[in-house]
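Index from 1, following the sequence. No experiment lies behind these values; they were computed from the predicted model shown.
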Amino acid sequence: MSVNTNAKLIYMANQIATFFQSQPANEAAQGVATHINKYWESRMRRKLFEHIEHGGEGLNPLVLEAAPNIRKPEAA
């Protein structure tokens, strides 16, 4: 994955997390996961999981908390 694509995905995921941080704590991670599942195509979710599997550097902790509830696409 290119650094530029990686940086853009991190930025977008963190924006989603920032929005949902204003929600009650017990709903925030699920909100992030629901949004990503609904609006991100499989390719984007696949790249997000690749980044998480390599340590998830730069991701908001709320994105990492939401990861188990994000649908993981099959390998390309």
Side-chain angles (χ1 to χ4, degrees):
M1 172 182 344
S2 75
V3 174
N4 192 25
T5 300
N6 201 27
K8 186 171 183 173
L9 284 172
I10 292 167
Y11 176 77
M12 292 182 346
N14 287 345
Q15 280 187 308
I16 294 164
T18 298
F19 172 81
F20 282 101
Q21 283 177 327
S22 65
Q23 304 296 316
N26 62 335
E27 298 174 12
Q30 186 57 52
V32 171
T34 298
H35 182 89
I36 290 174
N37 286 330
K38 188 172 183 179
Y39 296 107
W40 284 27
E41 61 184 41
S42 296
R43 177 185 54 84
M44 294 169 67
R45 287 183 281 119
R46 187 176 303 112
K47 289 180 185 259
L48 176 65
F49 277 107
E50 287 173 8
H51 182 67
I52 290 171
E53 290 166 4
H54 287 96
E57 183 178 346
L59 285 171
N60 183 304
L62 190 53
V63 176
L64 299 174
E65 184 181 340
N69 295 314
I70 297 171
R71 287 190 308 270
K72 188 173 185 177
E74 294 183 25

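By the 4.5 Å heavy-atom criterion applied to side chains, Y11 and Q15 are counted as neighbours.
Distance NZ/K8 to NZ/K47: 12.0 Å, rounded to 0.5 Å. For the atom pair S42 OG and R71 CZ, the distance stands at 8.0 Å (nearest 0.5 Å). Separating the CE atom in M12 from the CH2 atom in W40 is a distance of 4.5 Å, to the nearest 0.5 Å.
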Under 3.5 Å donor-acceptor pairs involving side-chain atoms of residues 52-68, not counting sequence neighbours:
unit_1 : atom_1 : unit_2 : atom_2 : d
E53    : OE2    : K72    : NZ     : 2.5
H54    : ND1    : E50    : O      : 2.7
N60    : OD1    : L62    : N      : 2.8

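Of the possible polar contacts, none joining the R45 side chain to the I70 backbone as a donor-acceptor pair under 3.5 Å is found. Between the side chain of R46 and the main chain of P73, no donor-acceptor pair closer than 3.5 Å is present.
Residue pairs meeting the salt bridge (charged side-chain N to carboxylate O under 4.0 Å, His left out) criterion with at least one partner in residues 18-44, sequence neighbours excluded, are E41-R43.
Considering every non-hydrogen atom in both I10 and H51, the closest pair reads CD1-NE2, 3.4 Å. Nearest approach of V32 to A17, heavy atoms of both residues: CG2-CA, 3.8 Å.
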